[in-house]
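Report on the structure given below.
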Amino acid sequence: LRDDTTDVLLRGRHYDLAAVFDRVNRTHFAGRLDRPRLVWSSAHTRRTMGRFEPTNDTVVLSVTLDDPGVPTYVVDFVMYHELLHRVLGAPIVNGRTRAHTAEFRRREAAFPDYARARRWLDTRK
């Protein structure tokens, strides 16, 4: 299924990225975010489960997550993590880009299923 406004593949075999974004946006950002481009990666990954590409306002989630064995709270957490990158940006500190600042880590840890999602992800590496 393609989204007519962005022509981006949104629906995987198990998870629909538009629905994941809508749920995370509503629950964790009070519905304030405009939807970025949302895509599944083309290859399975073991370590990197998502990324935010600021140059084209795209959130990419690993197709590895598009599996019925992956809990919804894990997919939501990865989406939340990438949307935090979008919201907070990546400040330059001492000439280096810092994506995971103390503020980022504080807000990331505020995700209700943070510890459980991290454990699940860490056991898959």
Side-chain angles (χ1 to χ4, degrees):
L1 177 66
R2 291 195 177 270
D3 177 292
D4 293 332
T5 61
T6 59
D7 195 37
V8 173
L9 188 62
L10 296 172
R11 186 179 298 276
R13 291 175 184 248
H14 187 71
Y15 286 105
D16 178 338
L17 290 176
V20 174
F21 169 80
D22 289 344
R23 182 173 52 249
V24 171
N25 184 31
R26 183 178 56 254
T27 303
H28 303 288
F29 298 97
R32 292 186 311 265
L33 302 181
D34 293 329
R35 189 167 81 188
R37 293 183 68 231
L38 301 166
V39 297
W40 289 107
S41 67
S42 58
H44 285 269
T45 59
R46 289 189 55 81
R47 290 183 40 87
T48 303
M49 292 295 129
R51 68 182 183 274
F52 173 63
E53 299 173 352
T55 56
N56 57 7
D57 194 30
T58 300
V59 171
V60 180
L61 263 56
S62 173
V63 71
T64 303
L65 298 172
D66 187 29
D67 183 277
V70 178
T72 301
Y73 68 86
V74 171
V75 179
D76 286 2
F77 171 71
V78 175
M79 178 68 75
Y80 175 75
H81 177 100
E82 300 312 327
L83 291 173
L84 277 180
H85 283 302
R86 185 178 187 228
V87 168
L88 298 176
I92 298 174
V93 179
N94 297 326
R96 296 182 65 189
T97 303
R98 301 278 315 259
H100 297 122
T101 63
E103 172 69 5
F104 183 95
R105 292 293 184 202
R106 183 187 67 72
R107 293 203 39 196
E108 179 186 48
F111 185 82
D113 285 310
Y114 172 77
R116 190 165 65 142
R118 290 286 350 149
R119 274 193 309 276
W120 195 96
L121 290 164
D122 289 344
T123 62
R124 302 314 186 267
K125 291 182 181 177

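Numbers for residues simply follow the sequence, beginning at 1.
Between the CZ atom in Arg119 and the CG atom in Asp113 there is a gap of 9.5 Å [rounded to 0.5 Å]. A distance of 5.0 Å separates CG of Leu61 from CE of Met79, quoted to the nearest 0.5 Å. Separating the CZ atom in Arg23 from the CG atom in Asp76 is a distance of 4.0 Å, to the nearest 0.5 Å. Distance check, rounded to the nearest 0.5 Å: CZ of Arg35 to CG of Asp22 gives 6.5 Å. To the nearest 0.5 Å, atoms CZ (Arg124) and OG1 (Thr45) are separated by 13.5 Å. Note that CH2 of Trp40 and CG of Asp66 are 4.0 Å apart. Values are rounded to the nearest 0.5 Å.
Contact detail for Arg86 and Pro36: the closest heavy-atom pair is NH1-CD, 3.6 Å. Here the closest non-hydrogen pair linking Arg37 and Thr58 is NH1-OG1, 3.2 Å.
For the pair Ser41 and Val63, the minimum side-chain heavy-atom distance is below 4.5 Å. The closest side-chain heavy-atom distance from Phe21 to Val59 is not below 4.5 Å. Looking at heavy atoms from C-beta onward, Val74 lies out of side-chain contact with Met49 at the 4.5 angstrom threshold. Between Asp67 and His14 the shortest side-chain heavy-atom distance does not fall below 4.5 Å. You'll find the side chain of Tyr73 reaches within 4.5 Å of the side chain of Trp120, heavy atoms only.
Note: Phe111 and His28 have tilted aromatic rings, judged against thresholds of 30 and 60 degrees for the angle between ring planes. The aromatic rings of Phe104 and His100 lie perpendicular to each other, with more than 60° between the two planes, well past the 30° mark.
Aromatic rings from Phe52 and His81 are positioned such that their centres are separated by 6.0 Å or more.
Annotation: Asn56, atom CG; neighbour count of heavy atoms from other residues, nucleotides and ligands within 6.0 Å is above 12.
For Tyr15 (side chain) and Thr72 (main-chain N/O), a donor-acceptor pair under 3.5 Å exists by modelled atom type.
Each of Val78, Leu121, Val75 was checked for a side-chain contact (heavy atoms from CB on, under 4.5 Å) with Val70, and the lone residue meeting it is Val75.
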